[in-house]
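The structure appears below as structure tokens.
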Number of protein chains: 2
Amino acid sequence: MQLDETIRTRRSVRSYQARELPPPLVDEILDLARHAPSSMDGQPWCFVVLRDPETKRRLADLKNAYCPPQKRVYPADFLAEAPVIVAVCVHKSRSHGRELENGILATGFLLLAAHARGLAGVYLSAYQKEDPRLAEQIARLLRLGPDVQPVTVVPLGFPREAPPPKLLRPLETMIHHESFDLGLL
Amino acid sequence: MQLDETIRTRRSVRSYQARELPPPLVDEILDLARHAPSSMDGQPWCFVVLRDPETKRRLADLKNAYCPPQKRVYPADFLAEAPVIVAVCVHKSRSHGRELENGILATGFLLLAAHARGLAGVYLSAYQKEDPRLAEQIARLLRLGPDVQPVTVVPLGFPREAPPPKLLRPLETMIHHESFDLGLL
């Protein structure tokens, strides 16, 4: 798929067909995710691929338990129904102080690579800024080593339905020249 | 350009031709950047497009002044030579607590969109985790409003040279199934 079309038609999808994802397809997606830029070219990623129903259910429970009140409109139960969840993690010792940045960039590439293959998913954080417990519990669930930090959890599957086109804020309200123009707010 | 090829051939480039970038080309890239996912679909981005040599020079000086010692192998002086720098910023009031995540994802899409058009750039952070002064000074330089936070600064230009292919860590050392496997470290 062309880059522009991939970017324009990608959507966050939370409902998947029961159909399994062939392991080589997941590997293709992770191969592309690791082409993301990383601080000092540290390439710190590790991807934990989850298919076990019990692990997926426990991950959904953790996400629900630590969901901030204003985001409860999106319960995480659908995680248990995704054929695959990829936990995008980073080695701290390879991250040069940019753990989140490295993990987030790879997740963006992963979502595009999945969409270009007819799959869908949604970006979910594996941590809360104010509360370290979510990341700690995910690390325990996935038995991450002490050097490994979870950054995102991305469910992947063949989408059950095509979401409607997204309404975007007008581009001209987002672009400023030379300095931020308060007049455009 | 196909997504896979775009992802595989993108490189971080710090040396650009003097050739100007037509404004519609920059707008096309920013149009794609704003298709990134964002928390609660807040679409919080604002992009400050810099072409003024004085602003670019001052930004380079700021990045140099706050560069951690271990990263001084990459001085920021080349920023002054880039025909365009895009400062990717976010409105805090639209970010739902995920300022960095929203800004970083749009920057990843921006870099791919630029590369697919024959341009190149490099991901640079507009903040330091431990020292708020870099972000504060960039905000002052760009006269960002109090609700606006800078996340990255991305120089863009036609590349002066093609970087050599990148050596990637083997994929199989990055993939783990069901839980992190200490045996693979």
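What's counted below: heavy atoms across the whole structure, side chains too, no hydrogens, waters or symmetry copies. Here is how names work: the chains are called A, B, and so on, in the same order as the sequence lines, proteins then strands, and each is numbered from 1.
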Chain B heavy atoms under 4.5 Å from A:Q128: which part of the residue, side chain, backbone, both or neither? both
At a 4.5 Å cut-off on heavy atoms, which part of B:S39 comes close to chain A: side chain, backbone, both, or neither? side chain
Answer with side chain, backbone, both or neither: which region of A:P44 has an atom nearer than 4.5 Å to a non-hydrogen atom of chain B? backbone
A:A139 versus chain B, the contacting section by heavy-atom distance below 4.5 Å: neither
Portion of A:L167 that has a non-hydrogen atom of chain B nearer than 4.5 angstrom: backbone
Part of A:D147 within contact of chain B (heavy atom distance under 4.5 Å): neither
When B:R11, B:E28, B:E130, B:K71 are compared by non-hydrogen pairs under 4.5 Å with chain A, the top option: B:K71
Tell me, side chain or backbone of A:P150 under 4.5 Å from chain B's heavy atoms, or both, or neither? neither
Taking the side chain as C-beta and beyond, is there a heavy-atom pair between A:L30 and B:M174 under 4.5 Å? no
Is there a side-chain contact between B:P68 and A:H96, using heavy atoms and a 4.5 Å cut-off? no
Quick one: does any side-chain atom of B:Q2 pair with a main-chain N or O of A:M1 as donor and acceptor, under 3.5 Å? yes
Taking side chain as everything from C-beta outward and backbone as N, CA, C, O, which of these in A:V73 sits under 4.5 Å from a heavy atom of chain B? Side chain, backbone, both or neither. side chain
Is there a side-chain contact between B:L112 and A:L112, using heavy atoms and a 4.5 Å cut-off? yes
Below 4.0 angstrom, N of the basic side chain to O of the carboxylate: do A:E101 and B:K129 qualify? no
Side chain, backbone, both or neither of A:E54 within contact of chain B (heavy atoms, under 4.5 Å): neither
Measure distances from B:R10 to the heavy atoms of chain A and classify the residue's part below 4.5 Å as side chain, backbone, both or neither. side chain
In terms of heavy-atom proximity below 4.5 Å to chain A, should B:A33 be classed as side chain, backbone, both, or neither? neither
Whether B:D4 and A:R117 form a salt bridge (side-chain N of Lys/Arg under 4.0 Å from carboxylate O of Asp/Glu) is what I want to check. yes
Measure distances from A:K166 to the heavy atoms of chain B and classify the residue's part below 4.5 Å as side chain, backbone, both or neither. side chain
Report yes if some heavy atom in the side chain of B:M40 is under 4.5 Å from a heavy atom in the side chain of A:Q70; otherwise report no. no
Examine A:R140 relative to B:F180 and say whether NZ or CZ is less than 6.0 Å from the centre of the six-membered ring and inside a 45° cone about the ring axis. no
What I'd like to find out is whether the side chain of B:D31 reaches to under 4.5 Å of the side chain of A:R8, using heavy atoms alone. yes
Looking at every non-hydrogen atom in both residues, tell me the closest pair between A:P37 and B:L111 and how far apart they are. CG-CD1, 4.2 Å
